[in-house]
Novice: 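Mind having a look at this structure? Questions to follow.
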Amino acid sequence: MDALNLIAAVQALQPDAKVREQTDQPTLIVPAHALVALARQLRDDPTLRFDLLETHTAVDWLDEDRFELLYLLASVPLGHHLTLSVSIDRDEPVVPTLCEVYPIAQWLEREVYDMFGILYDNHPDLRRLFLEDDWVGFPLRKDYEDDFMLERPE
Amino acid sequence: MGVITDKLPGVLEPVPGGSVLLTAVDQLINWSRSNSLWPLTFGTSCCAIEVMMATGAARHDLARFGAEVARPSPRQADLLVIAGTIVKRMAPRLRTLYEQMAEPRYVMATGSCAICGGPFMYHSYTTVRGADEIIPVDVYVPGCPPRPEAFFYGLLTLQKMIKEGESIRHPGERRRPVLAALPEGMTLDDIRKEMQDLLSHDANVNMAAAVAEGARYSSELKDF
Ligand code: SF4
């Protein structure tokens, strides 16, 4: 399915989803509470069949005081791609987990938790993935600092 | 090998002409060591693609220098090529690998990351700023990533160092080889001028404009 049809089809499922302009891959901004239901519909709908969560990552928009969570979905049988973008409050970074829809999300969400400290509601095993268990802080947050880091000299 | 290097000096030294023979044996050993450097397959990021794959493949062909027998076990390798970023969690493993290698062992640090942390030097929570913070390094090959030619230059340098350096009497001693010096009476400015002449004559480059552009670019960089 091409990008325009894809966006129309997804918006029919979830009218709250807004299109982000000027992206390489069709991108929809969805509210956090609608995420899991929408993902399940995307996976099960016979014309969409998004059966693969390619990757999941986050962006820390420090000045706008929000985290943007990105879910890159793909359909192997139909060969199309879609990005879902969810924005959440930086002070209260809680979002429902996608584990029940895509089991791979367990690992991806653990990584994002490790780096950004996003808390996934209902995640079965939310522990650090790469860093030591006693690590303090979340290093990919823009305001992260520790003694090891070097500042670039002016 | 162990028998030769341990026993030979004691046997030969007292014999008349023994030291000369010993030097000859040294040369033979160093020659064979330098031409059969077996690298350890150890790559941690992008440089590994360059160093392990491009140099080993047909176009550049590491086998020409006798260093193509990549070993997956440190116990069989002589040369540790640090190709890639070393992070805090990798550091103890790198140390272990180095310690597991048999003497004589050589270390090459290829790429800015292995030399100083490279592009991740600042604002990184985990990148070790230079592999030589963990293990001693013999040869540094700069680049991000280095070209295979640069890697070979480093390898040849290491071979030179082995040939000039160690002897049975003083195992483990390393001597830095003299690499390259500018010929007498020549300065960097001369070379620069020669390059500019070449560019303007042979490649039709408008040198004046190019220099002005370069100056503008570097001043912009400063503002940035
Ligand atoms: S020096 Fe450059 S190419 Fe090599 S590992 Fe570092 S970032 Fe990658």
Novice: Drop me the distance from His123(B)'s NE2 to Glu151(A)'s CD, to the nearest 0.5 angstrom.
Specialist: 4.5 Å
Novice: What residues of residues 141-150 of chain A make heavy-atom contacts with chain B at a cutoff under 4.5 angstrom?
Specialist: Tyr144(A), Asp146(A), Phe148(A), Met149(A), Leu150(A)
Novice: Report, in residue-number order, which members of residues 34-56 of chain A are under 4.5 Å from chain B by heavy-atom distance.
Specialist: none
Novice: Looking at Arg152(A), I want to see if its CZ is surrounded by more than 12 non-hydrogen atoms of other residues, nucleotides or ligands under 6.0 Å.
Specialist: no
Novice: Only pairs of heavy atoms separated by less than 4.5 Å count here; which of Lys88(B), Arg89(B), Met121(B) has the most with chain A?
Specialist: Arg89(B)
Novice: Should the heavy atoms of other residues, nucleotides or ligands under 6.0 Å from CH2 of Trp135(A) be counted, would the total exceed 12?
Specialist: yes
Novice: Hey, is CD on Glu64(A) packed in by over 12 heavy atoms from elsewhere, all under 6.0 Å?
Specialist: yes
Novice: Tell me the residues of residues 93-132 of chain A whose non-hydrogen atoms fall below 4.5 Å from those of chain B, in number order.
Specialist: Met115(A), Phe130(A), Leu131(A), Glu132(A)
Novice: Show every salt bridge (Lys or Arg N to Asp or Glu O under 4.0 Å) that has at least one partner inside residues 147-157 of chain B, sequence neighbours left out.
Specialist: Arg147(B)-Glu149(B)
Novice: If you count every heavy atom of other residues, nucleotides or ligands that lies below 6.0 Å from Glu194(B) atom CD, does the total exceed 12?
Specialist: no
